[in-house]
Amino acid sequence: MTEPTRITPRTLKGFRDWPPETMIPRERLIETARRVYRSYGFSPIDTPALEYLEILSGKGSDETDKQLYKFQDHGGRWVGMRFDLTVPLARFAAQHVARLGTPLKRYHIATVWRGENTQRGRFREFMQCDFDTIGTISTAADVETALVIHDLMREIGFAEFTIRLNNRMVLTGLLERLSLADRAVAVLRALDKLGKIGPQAVAEEMVATAGATDEQARGVLRLAEISGDNDDVLRELGKLVEGNETGRNGAARLREVFKAVAAAGVPAERLRIDPSIARGLDYYTGTVYETLLDALPGIGSVCSGGRYDNLAAAFTSQELPGVGASLGLDRLLAAMEELGMVERVATPAPVFIPFFDKDRLHDYLRLAAALRASGIGVELYPDPKRLGQQLKYADRRGFRVALIAGGDEFASGVCQVKDLATGARQDVPLTSDAAELIIAVRKIL
RNA sequence: GUGGCUGUAGCUCAGUUGGUUAGAGCGCCAGAUUGUGGAUCUGGAAGUCGUGGGUUCGAGUCCCAUCAGCCACCCCA
(Lines give C-alpha, C1' and ligand atoms only; values in the text may rest on other atoms or scores of the structure.)
Protein backbone atom coordinates (compact mmCIF):
# COMPACT_ATOMS: atom_id res chain seq x y z
CA MET A 1 0.00 0.00 0.00
CA THR A 2 1.34 3.39 -0.94
CA GLU A 3 0.54 6.40 1.17
CA PRO A 4 -2.26 8.37 -0.52
CA THR A 5 -1.47 11.99 -1.33
CA ARG A 6 -3.31 14.05 1.24
CA ILE A 7 -4.84 17.45 0.74
CA THR A 8 -4.29 19.99 3.47
CA PRO A 9 -7.66 20.66 5.08
CA ARG A 10 -8.18 24.43 5.13
CA THR A 11 -10.75 27.14 4.59
CA LEU A 12 -10.60 30.14 2.31
CA LYS A 13 -9.65 33.56 3.64
CA GLY A 14 -12.67 35.18 5.17
CA PHE A 15 -14.63 31.91 5.24
CA ARG A 16 -15.11 29.98 8.44
CA ASP A 17 -16.18 26.67 9.89
CA TRP A 18 -18.82 26.61 12.55
CA PRO A 19 -18.21 23.93 15.20
CA PRO A 20 -21.06 23.11 17.61
CA GLU A 21 -20.08 25.56 20.34
CA THR A 22 -20.35 28.48 17.89
CA MET A 23 -23.16 27.10 15.77
CA ILE A 24 -25.47 26.61 18.74
CA PRO A 25 -25.44 30.31 19.74
CA ARG A 26 -25.61 31.27 16.08
CA GLU A 27 -28.77 29.24 15.58
CA ARG A 28 -30.18 30.69 18.75
CA LEU A 29 -29.64 34.17 17.31
CA ILE A 30 -31.37 33.20 14.09
CA GLU A 31 -34.32 31.84 16.04
CA THR A 32 -34.57 35.08 18.00
CA ALA A 33 -34.52 37.15 14.82
CA ARG A 34 -37.21 34.98 13.27
CA ARG A 35 -39.40 35.25 16.33
CA VAL A 36 -39.13 39.04 16.47
CA TYR A 37 -39.74 39.51 12.74
CA ARG A 38 -42.74 37.23 12.78
CA SER A 39 -44.16 39.04 15.78
CA TYR A 40 -44.46 42.13 13.56
CA GLY A 41 -45.98 40.21 10.68
CA PHE A 42 -42.95 39.89 8.46
CA SER A 43 -43.00 36.72 6.35
CA PRO A 44 -40.02 34.62 5.36
CA ILE A 45 -38.71 34.43 1.82
CA ASP A 46 -35.59 33.04 0.23
CA THR A 47 -33.87 33.69 -3.09
CA PRO A 48 -31.02 31.94 -4.91
CA ALA A 49 -27.43 32.50 -3.83
CA LEU A 50 -26.56 32.97 -7.49
CA GLU A 51 -28.11 35.59 -9.74
CA TYR A 52 -27.53 36.73 -13.28
CA LEU A 53 -24.64 39.14 -13.06
CA GLU A 54 -26.68 41.95 -14.61
CA ILE A 55 -29.13 41.67 -11.71
CA LEU A 56 -26.42 42.33 -9.14
CA SER A 57 -23.91 44.62 -10.78
CA GLY A 58 -24.27 48.37 -10.81
CA LYS A 59 -26.79 48.40 -7.98
CA GLY A 60 -24.75 49.65 -5.07
CA SER A 61 -21.71 51.84 -5.20
CA ASP A 62 -18.82 51.12 -7.54
CA GLU A 63 -17.17 49.46 -4.54
CA THR A 64 -19.77 46.74 -4.34
CA ASP A 65 -19.12 45.83 -7.96
CA LYS A 66 -15.49 45.24 -7.10
CA GLN A 67 -16.45 43.07 -4.16
CA LEU A 68 -18.84 40.94 -6.14
CA TYR A 69 -17.93 37.28 -6.57
CA LYS A 70 -18.58 36.58 -10.23
CA PHE A 71 -17.85 33.85 -12.73
CA GLN A 72 -19.16 32.05 -15.76
CA ASP A 73 -21.30 29.02 -15.06
CA HIS A 74 -21.17 25.75 -17.00
CA GLY A 75 -23.46 27.19 -19.66
CA GLY A 76 -21.27 30.25 -20.20
CA ARG A 77 -23.67 32.60 -18.36
CA TRP A 78 -22.13 35.38 -16.29
CA VAL A 79 -23.39 34.97 -12.75
CA GLY A 80 -22.71 36.58 -9.40
CA MET A 81 -23.11 35.58 -5.76
CA ARG A 82 -25.41 37.92 -3.84
CA PHE A 83 -23.48 40.49 -1.80
CA ASP A 84 -26.51 41.63 0.14
CA LEU A 85 -30.19 40.75 0.46
CA THR A 86 -31.57 44.06 -0.72
CA VAL A 87 -30.78 43.73 -4.41
CA PRO A 88 -32.23 40.22 -4.55
CA LEU A 89 -35.28 41.67 -2.80
CA ALA A 90 -35.60 44.34 -5.47
CA ARG A 91 -35.55 41.69 -8.18
CA PHE A 92 -37.92 39.51 -6.20
CA ALA A 93 -40.35 42.35 -5.65
CA ALA A 94 -40.30 43.39 -9.30
CA GLN A 95 -41.03 39.82 -10.28
CA HIS A 96 -43.68 38.90 -7.72
CA VAL A 97 -45.26 42.02 -6.30
CA ALA A 98 -48.19 41.83 -8.70
CA ARG A 99 -49.20 38.54 -7.17
CA LEU A 100 -48.22 39.24 -3.56
CA GLY A 101 -49.57 42.78 -3.33
CA THR A 102 -48.41 45.57 -1.07
CA PRO A 103 -47.46 46.32 1.57
CA LEU A 104 -45.05 43.49 1.28
CA LYS A 105 -43.39 42.68 4.58
CA ARG A 106 -40.68 40.10 4.28
CA TYR A 107 -37.71 38.87 6.25
CA HIS A 108 -34.80 37.07 4.72
CA ILE A 109 -32.08 35.34 6.70
CA ALA A 110 -29.31 34.16 4.44
CA THR A 111 -25.63 34.09 3.68
CA VAL A 112 -24.05 36.77 1.49
CA TRP A 113 -20.57 37.04 -0.01
CA ARG A 114 -18.22 39.96 -0.45
CA GLY A 115 -14.73 39.64 -1.82
CA GLU A 116 -13.18 42.34 0.34
CA ASN A 117 -10.34 42.34 2.78
CA THR A 118 -11.04 40.70 6.11
CA GLN A 119 -10.86 42.22 9.55
CA ARG A 120 -12.30 41.68 12.98
CA GLY A 121 -16.05 41.23 12.63
CA ARG A 122 -15.67 41.38 8.89
CA PHE A 123 -15.77 38.32 6.71
CA ARG A 124 -16.16 37.31 3.10
CA GLU A 125 -19.04 35.02 3.86
CA PHE A 126 -21.51 36.17 6.46
CA MET A 127 -25.14 36.00 7.35
CA GLN A 128 -27.58 38.85 7.18
CA CYS A 129 -31.03 39.01 8.68
CA ASP A 130 -32.98 41.54 6.63
CA PHE A 131 -36.49 42.76 7.13
CA ASP A 132 -38.23 45.26 4.86
CA THR A 133 -41.62 46.79 4.33
CA ILE A 134 -42.24 47.53 0.67
CA GLY A 135 -44.99 49.50 -0.98
CA THR A 136 -45.69 52.17 1.59
CA ILE A 137 -44.30 55.61 2.27
CA SER A 138 -46.01 55.80 5.64
CA THR A 139 -44.01 56.99 8.62
CA ALA A 140 -45.55 54.09 10.49
CA ALA A 141 -43.26 51.73 8.61
CA ASP A 142 -40.20 53.83 9.49
CA VAL A 143 -41.25 53.75 13.11
CA GLU A 144 -41.85 50.03 13.05
CA THR A 145 -38.40 49.46 11.60
CA ALA A 146 -36.84 51.17 14.62
CA LEU A 147 -39.08 49.18 16.96
CA VAL A 148 -38.03 45.91 15.38
CA ILE A 149 -34.36 46.84 15.77
CA HIS A 150 -34.99 47.68 19.39
CA ASP A 151 -36.90 44.45 20.13
CA LEU A 152 -34.30 42.44 18.29
CA MET A 153 -31.41 43.82 20.31
CA ARG A 154 -33.29 43.47 23.56
CA GLU A 155 -34.38 39.88 22.85
CA ILE A 156 -30.83 38.95 21.90
CA GLY A 157 -29.78 40.12 25.32
CA PHE A 158 -28.32 43.58 24.87
CA ALA A 159 -29.26 46.19 27.41
CA GLU A 160 -26.89 48.88 26.23
CA PHE A 161 -26.99 49.85 22.60
CA THR A 162 -27.81 52.97 20.66
CA ILE A 163 -29.97 53.24 17.58
CA ARG A 164 -28.75 56.26 15.66
CA LEU A 165 -31.33 57.93 13.47
CA ASN A 166 -31.11 60.41 10.68
CA ASN A 167 -32.96 61.35 7.54
CA ARG A 168 -31.21 61.64 4.23
CA MET A 169 -33.52 64.46 3.17
CA VAL A 170 -32.06 66.63 5.88
CA LEU A 171 -28.65 66.14 4.39
CA THR A 172 -29.95 66.59 0.87
CA GLY A 173 -31.65 69.82 1.89
CA LEU A 174 -28.53 71.12 3.52
CA LEU A 175 -26.44 70.25 0.49
CA GLU A 176 -28.91 71.99 -1.79
CA ARG A 177 -28.68 75.10 0.29
CA LEU A 178 -24.92 74.96 0.04
CA SER A 179 -24.99 74.21 -3.71
CA LEU A 180 -23.33 70.88 -3.10
CA ALA A 181 -26.18 68.62 -4.20
CA ASP A 182 -24.31 67.43 -7.29
CA ARG A 183 -21.43 66.21 -5.15
CA ALA A 184 -23.61 64.58 -2.52
CA VAL A 185 -22.01 61.13 -2.65
CA ALA A 186 -18.47 62.34 -2.04
CA VAL A 187 -19.56 64.84 0.59
CA LEU A 188 -21.66 62.34 2.51
CA ARG A 189 -18.94 59.74 2.35
CA ALA A 190 -16.61 62.23 4.03
CA LEU A 191 -19.26 63.22 6.56
CA ASP A 192 -19.84 59.60 7.49
CA LYS A 193 -16.33 59.51 8.92
CA LEU A 194 -16.97 62.34 11.33
CA GLY A 195 -17.01 60.19 14.44
CA LYS A 196 -13.82 58.51 13.38
CA ILE A 197 -11.50 61.20 12.07
CA GLY A 198 -12.99 64.43 13.43
CA PRO A 199 -14.36 67.59 11.81
CA GLN A 200 -11.02 68.99 10.69
CA ALA A 201 -10.10 65.93 8.64
CA VAL A 202 -13.63 65.65 7.26
CA ALA A 203 -13.48 69.24 6.04
CA GLU A 204 -10.15 68.58 4.37
CA GLU A 205 -11.52 65.51 2.65
CA MET A 206 -14.54 67.41 1.40
CA VAL A 207 -12.31 70.01 -0.14
CA ALA A 208 -9.94 67.45 -1.59
CA THR A 209 -12.27 64.78 -2.96
CA ALA A 210 -15.60 66.56 -3.40
CA GLY A 211 -14.20 69.83 -4.60
CA ALA A 212 -16.03 71.79 -1.93
CA THR A 213 -14.89 75.23 -0.88
CA ASP A 214 -13.76 75.81 2.68
CA GLU A 215 -16.94 77.70 3.27
CA GLN A 216 -19.12 74.89 1.94
CA ALA A 217 -17.28 72.36 4.07
CA ARG A 218 -17.79 74.55 7.12
CA GLY A 219 -21.46 74.75 6.23
CA VAL A 220 -21.83 70.97 6.19
CA LEU A 221 -19.91 70.65 9.41
CA ARG A 222 -22.33 72.87 11.24
CA LEU A 223 -24.17 69.57 11.60
CA ALA A 224 -21.38 68.33 13.75
CA GLU A 225 -21.60 71.30 16.05
CA ILE A 226 -25.14 70.48 17.01
CA SER A 227 -25.20 69.13 20.51
CA GLY A 228 -27.54 68.53 23.38
CA ASP A 229 -30.34 66.02 23.80
CA ASN A 230 -32.44 64.71 20.97
CA ASP A 231 -34.95 67.58 21.21
CA ASP A 232 -32.18 70.16 20.99
CA VAL A 233 -30.72 68.40 17.99
CA LEU A 234 -34.06 68.34 16.21
CA ARG A 235 -34.58 72.03 16.87
CA GLU A 236 -31.13 73.00 15.64
CA LEU A 237 -31.52 70.80 12.63
CA GLY A 238 -34.72 72.60 11.72
CA LYS A 239 -32.90 75.91 11.70
CA LEU A 240 -30.12 74.54 9.57
CA VAL A 241 -32.39 73.54 6.71
CA GLU A 242 -34.76 76.45 6.98
CA GLY A 243 -36.03 77.66 3.64
CA ASN A 244 -35.33 74.40 1.87
CA GLU A 245 -38.37 72.25 1.09
CA THR A 246 -36.58 68.89 1.07
CA GLY A 247 -34.65 69.64 4.22
CA ARG A 248 -37.74 70.83 6.04
CA ASN A 249 -39.64 67.70 5.11
CA GLY A 250 -36.73 65.57 6.23
CA ALA A 251 -36.47 67.28 9.57
CA ALA A 252 -40.22 67.03 10.09
CA ARG A 253 -40.21 63.36 9.24
CA LEU A 254 -37.27 62.68 11.51
CA ARG A 255 -39.08 64.40 14.35
CA GLU A 256 -42.21 62.41 13.64
CA VAL A 257 -40.36 59.09 13.63
CA PHE A 258 -38.46 59.92 16.76
CA LYS A 259 -41.56 60.99 18.67
CA ALA A 260 -43.49 57.90 17.65
CA VAL A 261 -40.68 55.52 18.52
CA ALA A 262 -40.34 57.14 21.91
CA ALA A 263 -44.10 57.00 22.39
CA ALA A 264 -44.02 53.28 21.60
CA GLY A 265 -41.93 52.77 24.69
CA VAL A 266 -38.35 52.75 23.45
CA PRO A 267 -36.27 54.44 26.16
CA ALA A 268 -34.79 57.78 25.11
CA GLU A 269 -31.25 56.65 25.88
CA ARG A 270 -31.50 53.94 23.20
CA LEU A 271 -32.18 56.56 20.53
CA ARG A 272 -29.86 59.18 19.23
CA ILE A 273 -30.62 61.65 16.48
CA ASP A 274 -27.33 61.90 14.65
CA PRO A 275 -27.40 64.24 11.67
CA SER A 276 -24.01 63.12 10.51
CA ILE A 277 -24.79 59.52 9.66
CA ALA A 278 -25.31 59.12 5.96
CA ARG A 279 -24.72 55.43 5.24
CA GLY A 280 -22.67 54.65 2.20
CA LEU A 281 -25.34 52.89 0.19
CA ASP A 282 -26.62 55.27 -2.42
CA TYR A 283 -30.18 54.01 -2.54
CA TYR A 284 -31.22 55.36 0.83
CA THR A 285 -33.36 58.47 0.51
CA GLY A 286 -35.18 58.94 3.83
CA THR A 287 -34.79 57.69 7.36
CA VAL A 288 -31.51 55.91 8.02
CA TYR A 289 -30.62 53.65 10.94
CA GLU A 290 -27.43 52.47 12.50
CA THR A 291 -27.05 50.44 15.68
CA LEU A 292 -23.94 50.57 17.82
CA LEU A 293 -23.10 48.53 20.87
CA ASP A 294 -22.24 50.87 23.72
CA ALA A 295 -19.65 48.43 25.01
CA LEU A 296 -18.01 47.82 21.64
CA PRO A 297 -18.60 50.68 19.20
CA GLY A 298 -15.41 49.87 17.35
CA ILE A 299 -16.85 46.77 15.75
CA GLY A 300 -19.20 48.94 13.72
CA SER A 301 -22.90 48.94 13.17
CA VAL A 302 -24.60 45.63 13.88
CA CYS A 303 -27.96 46.58 12.44
CA SER A 304 -28.30 49.17 9.72
CA GLY A 305 -30.87 50.20 7.20
CA GLY A 306 -33.00 52.93 5.85
CA ARG A 307 -35.79 54.10 3.62
CA TYR A 308 -35.57 54.09 -0.14
CA ASP A 309 -37.96 55.75 -2.59
CA ASN A 310 -37.71 53.36 -5.40
CA LEU A 311 -36.17 50.02 -4.67
CA ALA A 312 -36.66 48.26 -7.96
CA ALA A 313 -36.27 51.03 -10.51
CA ALA A 314 -33.69 48.91 -12.31
CA PHE A 315 -36.20 46.11 -12.82
CA THR A 316 -39.65 47.64 -13.18
CA SER A 317 -41.43 50.88 -13.91
CA GLN A 318 -43.60 50.29 -10.87
CA GLU A 319 -42.53 52.50 -8.02
CA LEU A 320 -41.71 50.47 -4.95
CA PRO A 321 -40.84 52.60 -1.95
CA GLY A 322 -39.87 50.84 1.21
CA VAL A 323 -37.94 50.78 4.42
CA GLY A 324 -35.98 48.10 6.19
CA ALA A 325 -32.81 47.11 7.96
CA SER A 326 -30.33 44.32 8.21
CA LEU A 327 -28.96 42.61 11.28
CA GLY A 328 -25.34 41.59 10.78
CA LEU A 329 -25.59 38.28 12.50
CA ASP A 330 -21.98 37.16 12.30
CA ARG A 331 -20.62 40.53 13.29
CA LEU A 332 -22.98 40.61 16.25
CA LEU A 333 -21.91 37.12 17.21
CA ALA A 334 -18.26 38.14 17.05
CA ALA A 335 -19.08 41.07 19.33
CA MET A 336 -21.02 38.89 21.76
CA GLU A 337 -18.14 36.47 21.92
CA GLU A 338 -15.76 39.30 22.69
CA LEU A 339 -18.09 40.56 25.42
CA GLY A 340 -18.37 37.12 26.98
CA MET A 341 -22.08 36.88 26.24
CA VAL A 342 -21.85 33.53 24.51
CA GLU A 343 -22.41 30.56 26.75
CA ARG A 344 -20.24 27.71 25.55
CA VAL A 345 -22.57 24.78 25.40
CA ALA A 346 -21.74 21.91 23.12
CA THR A 347 -25.00 20.04 23.36
CA PRO A 348 -28.42 21.13 22.21
CA ALA A 349 -30.14 18.42 24.25
CA PRO A 350 -30.51 18.94 28.01
CA VAL A 351 -30.92 15.33 29.13
CA PHE A 352 -28.26 12.64 29.15
CA ILE A 353 -28.82 8.92 29.55
CA PRO A 354 -25.67 6.92 30.24
CA PHE A 355 -25.52 3.48 28.63
CA PHE A 356 -25.05 1.92 32.03
CA ASP A 357 -26.21 -1.69 31.88
CA LYS A 358 -25.15 -3.27 28.60
CA ASP A 359 -28.21 -5.57 28.57
CA ARG A 360 -30.72 -2.72 28.92
CA LEU A 361 -30.39 -0.92 25.60
CA HIS A 362 -34.09 -1.37 24.81
CA ASP A 363 -35.10 0.16 28.14
CA TYR A 364 -32.88 3.18 27.56
CA LEU A 365 -34.24 3.66 24.06
CA ARG A 366 -37.82 3.54 25.35
CA LEU A 367 -37.01 6.00 28.10
CA ALA A 368 -35.39 8.41 25.65
CA ALA A 369 -38.34 8.13 23.27
CA ALA A 370 -40.82 8.91 26.04
CA LEU A 371 -38.99 12.11 26.97
CA ARG A 372 -38.60 13.20 23.37
CA ALA A 373 -42.31 12.67 22.82
CA SER A 374 -42.89 15.30 25.49
CA GLY A 375 -40.53 17.70 23.75
CA ILE A 376 -37.41 17.17 25.84
CA GLY A 377 -34.15 16.58 23.97
CA VAL A 378 -32.31 13.44 25.07
CA GLU A 379 -28.98 11.94 24.18
CA LEU A 380 -28.23 8.32 24.87
CA TYR A 381 -24.52 7.48 25.14
CA PRO A 382 -23.64 4.90 22.48
CA ASP A 383 -21.17 2.74 24.43
CA PRO A 384 -21.59 0.95 27.78
CA LYS A 385 -18.43 2.52 29.18
CA ARG A 386 -17.68 3.15 32.81
CA LEU A 387 -20.32 5.37 34.38
CA GLY A 388 -17.73 7.87 35.58
CA GLN A 389 -16.47 8.38 32.08
CA GLN A 390 -19.93 8.83 30.70
CA LEU A 391 -20.80 11.43 33.33
CA LYS A 392 -17.57 13.22 32.57
CA TYR A 393 -18.64 13.40 28.94
CA ALA A 394 -22.06 14.74 30.00
CA ASP A 395 -20.42 17.32 32.22
CA ARG A 396 -18.12 18.59 29.46
CA ARG A 397 -20.92 18.94 26.98
CA GLY A 398 -23.06 20.91 29.35
CA PHE A 399 -25.97 18.53 29.86
CA ARG A 400 -28.32 19.61 32.62
CA VAL A 401 -29.76 16.30 33.76
CA ALA A 402 -28.63 12.69 33.75
CA LEU A 403 -31.09 9.82 33.97
CA ILE A 404 -29.19 6.98 35.56
CA ALA A 405 -30.60 3.49 35.69
CA GLY A 406 -28.62 0.30 36.33
CA GLY A 407 -29.46 -3.07 37.80
CA ASP A 408 -30.42 -1.68 41.22
CA GLU A 409 -32.80 0.89 39.77
CA PHE A 410 -34.48 -1.49 37.37
CA ALA A 411 -34.88 -4.04 40.17
CA SER A 412 -36.77 -1.56 42.31
CA GLY A 413 -38.61 0.07 39.40
CA VAL A 414 -37.06 3.51 39.67
CA CYS A 415 -34.74 5.76 37.76
CA GLN A 416 -32.27 8.14 39.27
CA VAL A 417 -32.67 11.76 38.20
CA LYS A 418 -29.44 13.64 38.69
CA ASP A 419 -29.12 17.41 38.45
CA LEU A 420 -25.69 17.81 36.91
CA ALA A 421 -25.32 21.40 38.07
CA THR A 422 -25.87 20.69 41.76
CA GLY A 423 -25.14 16.97 41.93
CA ALA A 424 -28.48 16.35 43.65
CA ARG A 425 -29.97 12.92 42.97
CA GLN A 426 -33.44 11.60 43.43
CA ASP A 427 -35.14 8.29 42.63
CA VAL A 428 -38.31 8.54 40.59
CA PRO A 429 -40.71 5.67 39.85
CA LEU A 430 -40.19 4.35 36.35
CA THR A 431 -43.47 3.83 34.52
CA SER A 432 -44.13 2.96 30.89
CA ASP A 433 -45.12 6.54 30.00
CA ALA A 434 -42.34 7.99 32.19
CA ALA A 435 -44.83 10.61 33.40
CA GLU A 436 -43.24 11.19 36.80
CA LEU A 437 -39.77 11.28 35.28
CA ILE A 438 -40.81 13.97 32.85
CA ILE A 439 -42.19 16.06 35.70
CA ALA A 440 -38.97 15.63 37.69
CA VAL A 441 -36.81 16.54 34.69
CA ARG A 442 -38.94 19.59 33.86
CA LYS A 443 -38.49 20.81 37.40
CA ILE A 444 -34.73 20.92 36.91
CA LEU A 445 -34.85 22.48 33.43
C1' G B 1 -6.81 46.16 -3.68
C1' U B 2 -2.50 48.99 -0.80
C1' G B 3 0.60 49.31 3.67
C1' G B 4 2.14 47.44 8.79
C1' C B 5 2.38 43.43 12.57
C1' U B 6 1.94 38.19 13.51
C1' G B 7 2.05 32.51 12.45
C1' U B 8 5.93 26.82 17.28
C1' A B 9 1.10 20.54 20.22
C1' G B 10 -6.36 21.14 20.19
C1' C B 11 -5.67 26.30 23.07
C1' U B 12 -2.18 30.13 25.33
C1' C B 13 2.78 30.71 24.77
C1' A B 14 8.61 29.77 25.84
C1' G B 15 12.63 28.55 22.68
C1' U B 16 19.38 32.23 24.40
C1' U B 17 24.48 35.80 18.87
C1' G B 18 21.71 30.07 13.60
C1' G B 19 24.44 24.46 16.79
C1' U B 20 22.74 17.55 18.96
C1' U B 21 16.75 13.75 20.17
C1' A B 22 11.75 21.34 20.04
C1' G B 23 9.61 22.64 25.73
C1' A B 24 5.75 24.40 29.52
C1' G B 25 0.76 25.33 31.27
C1' C B 26 -4.17 24.26 30.09
C1' G B 27 -7.00 20.65 27.38
C1' C B 28 -7.32 15.46 25.64
C1' C B 29 -6.75 9.89 26.64
C1' A B 30 -5.77 6.04 30.40
C1' G B 31 -5.19 4.57 35.47
C1' A B 32 -5.56 5.41 40.95
C1' U B 33 -11.63 4.89 41.82
C1' U B 34 -15.06 -2.88 37.91
C1' G B 35 -22.32 1.81 39.92
C1' U B 36 -21.81 8.31 39.83
C1' G B 37 -18.91 14.15 36.53
C1' G B 38 -16.50 19.02 38.16
C1' A B 39 -10.88 18.17 42.73
C1' U B 40 -5.99 15.68 43.37
C1' C B 41 -2.04 12.40 41.89
C1' U B 42 0.45 9.11 38.20
C1' G B 43 1.27 7.84 33.28
C1' G B 44 0.37 8.57 27.95
C1' A B 45 -0.69 10.40 23.01
C1' A B 46 0.04 14.56 20.19
C1' G B 47 4.23 19.30 16.46
C1' U B 48 7.18 17.68 8.43
C1' C B 49 8.06 24.80 14.01
C1' G B 50 1.66 27.84 8.45
C1' U B 51 3.48 26.21 3.38
C1' G B 52 7.31 26.28 -0.55
C1' G B 53 12.02 27.80 -1.99
C1' G B 54 16.92 29.96 -0.77
C1' U B 55 21.56 31.17 2.25
C1' U B 56 24.62 27.85 5.43
C1' C B 57 28.68 22.39 7.33
C1' G B 58 24.00 23.16 10.07
C1' A B 59 17.61 27.05 9.98
C1' G B 60 12.04 27.12 14.65
C1' U B 61 15.89 31.16 14.52
C1' C B 62 18.45 34.72 8.55
C1' C B 63 16.38 35.99 3.21
C1' C B 64 12.41 35.56 -0.60
C1' A B 65 7.70 33.98 -2.10
C1' U B 66 3.02 32.21 -0.77
C1' C B 67 -1.21 31.16 2.49
C1' A B 68 -3.83 32.63 6.85
C1' G B 69 -4.99 35.97 11.13
C1' C B 70 -4.94 40.91 13.25
C1' C B 71 -4.50 46.39 12.42
C1' A B 72 -4.83 50.88 9.19
C1' C B 73 -6.69 52.93 4.45
C1' C B 74 -11.14 51.93 1.72
C1' C B 75 -15.79 50.26 2.40
C1' C B 76 -19.37 48.10 5.28
C1' A B 77 -23.03 43.76 8.55
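Lettering follows sequence order; numbering is per chain, from 1. Small disclaimer: the values here were computed from a predicted structure and weren't measured.
- A:G388 comes within contact range of the sugar-phosphate backbone alone, with a heavy-atom separation under 4.0 Å but no base atom that close.
- Taking the centre and axis of the six-membered ring of A:Y69, the NZ or CZ atom of A:R114 falls outside the cone set by 45° and 6.0 Å.
- Taking the ring axis of A:W18 as reference, the NZ or CZ atom of A:R26 stays within 45° of it and closer than 6.0 Å to the ring centre.
- B:C63 and B:G4 have their P atoms separated by 14 Å, given to the nearest Å.
- In this structure, A:F126 counts as stacked on the base of B:A77 under the 5.5 Å centre distance and 30° plane angle limits.
- B:C5 and B:G19 are spaced 29 Å apart, taking the C1' atom of each and rounding to whole Å.
- Pair assignment for B:A46: none, as no Watson-Crick or G-U wobble contacts are both less than 3.5 Å.
- Using a 4.0 Å heavy-atom distance criterion, A:G14 is classed as a sugar-phosphate-only contact.
- Pairing for B:G52 goes to B:C64, judged as Watson-Crick or G-U wobble with the two contacts each under 3.5 Å.
- The closest side-chain donor-acceptor pair between A:N166 and A:Y284, if any, does not fall under 3.5 angstrom.
- Distances from the side chain of A:Q119 to the nucleotides B:G37, B:G35, B:C73 place B:C73 closest.
- Comparing the same atom, C1', in B:G47 and in B:A32 gives a spacing of 30 Å after rounding to whole Å.
- No contact: A:Y393 has no heavy atom under 4.0 Å from any strand.
- With P as the reference atom, B:U48 and B:U55 are 25 Å apart, rounded to whole Å.
- In this structure, A:E337 atom CD and B:G69 atom C1' are separated by 15 Å, rounded to whole Å.
- For the OP1/OP2 pair of B:G37 and a distance below 4.0 Å, the side-chain nitrogens and oxygens of A:R425 include no atom meeting the criterion.
- Taking all atoms of both residues into account, the shortest heavy-atom contact from A:T118 to A:G14 is CG2-CA, 3.4 Å.
- Residue A:T118 places none of its side-chain N or O atoms closer than 4.0 Å to OP1 or OP2 of B:A68.
- Taking atom CG on A:L403 and atom P on B:G37, their separation rounds to 17 Å, with Å as the unit.
- Here B:A77 presents its C1' atom at 17 Å from OH of A:Y289, a figure rounded to the nearest Å.
- When rounded to the nearest whole Å, the span between CG of A:N117 and P of B:G69 equals 9 Å.
- Remark: B:U33 base-pairs with no nucleotide; criterion is Watson-Crick or G-U wobble with both hydrogen-bond distances under 3.5 Å.
- RNA chain B is contacted by both A:L387 and A:E116; A:L387 maps to the nucleotide lying nearer its 5′ end (nearest heavy atom per residue).
- The base of B:A30 has none of its N or O atoms less than 3.5 Å from a complementary donor or acceptor on the side chain of A:Q389.
- Nucleotide B:A72 is matched to B:U2 when pairs are restricted to Watson-Crick or G-U wobble geometry with both distances under 3.5 angstrom.
- Spacing between B:A65 and B:A46 at atom P, rounded to whole Å, works out to 36 Å.
- If you take atom P in B:U20 and the same atom in B:G37, they sit 46 Å apart, rounded to whole Å.
- Using a 3.5 Å distance cut-off with no hydrogens or angles, the side chains of A:Y107 and A:R38 do pair a donor with an acceptor.
- Atom NZ of A:K392 and atom P of B:C29 are 6 Å apart (whole Å).
- Note on A:A421: a base of the nucleic acid sits closer than 4.0 angstrom, heavy atoms only.
- The residue A:D330 sits apart from the nucleic acid: no heavy atom pair falls under 4.0 Å.
- Salt bridge status for A:K392 with A:D395: absent, with no side-chain N to carboxylate O gap under 4.0 Å.
- The nearest whole Å value for the distance from the CD atom in A:Q416 to the C1' atom in B:G37 is 12 Å.
- For B:G19, the paired base is B:C57 (Watson-Crick or G-U wobble, both distances below 3.5 Å).
- Distances from the side chain of A:R396 to the nucleotides B:C76, B:U2, B:C29 place B:C29 closest.
- Nearest nucleotide to the side chain of A:R120, out of B:G38, B:C70, B:G35: B:C70.
- Nearest heavy-atom pair across A:R270 and A:F161 is NH1-O, 2.9 Å.
- Distance, A:L12 CG to B:A68 P: 7 Å, rounded to whole Å.
- In this structure, A:K13 does not reach the B:C67 phosphate: none of its side-chain N or O atoms is under 4.0 Å from OP1 or OP2.
- On the P atoms, B:G18 is 11 Å away from B:U61, given to the nearest whole Å.
- With hydrogens and angles ignored, a donor-acceptor pair closer than 3.5 Å exists between the side chain of A:R331 and the base of B:C76.
- Atom OH of A:Y107 is separated from atom P of B:A77 by 21 Å (rounded to the nearest Å).
- Map A:S326 and A:K418 each onto its nearest nucleotide of RNA chain B; the residue landing nearer the 5' end is A:K418.
- A:R386 comes within 4.0 angstrom of the backbone, heavy atoms only, and of no base.
- Across every strand in view, B:C26 sits in a pair with B:G10 that passes the Watson-Crick or G-U test at under 3.5 angstrom.
- The gap from the P atom of B:G53 to that of B:A59 amounts to 13 Å, rounded to the nearest Å.
- At a cut-off of 3.5 angstrom, counting only N and O atoms as typed in the model, there is no donor on one side facing an acceptor on the other between the side-chain of A:Q390 and the base of B:U36.
- Among the heavy atoms of the strands lying under 4.0 Å from A:D408 is at least one base atom, whether or not backbone atoms are also near.
- For A:R222, the CZ atom sits in a loose shell: 12 or fewer heavy atoms of surrounding residues, nucleotides or ligands are nearer than 6.0 Å.
- Using a 4.0 Å heavy-atom distance criterion, A:E409 is classed as a base contact.
- Across all strands shown, nothing is found opposite B:A77 as a Watson-Crick or G-U wobble partner with both distances under 3.5 Å.
- Counted by atom type alone, A:S326 and A:D130 present one or more donor-acceptor pairs between their side chains at under 3.5 Å.
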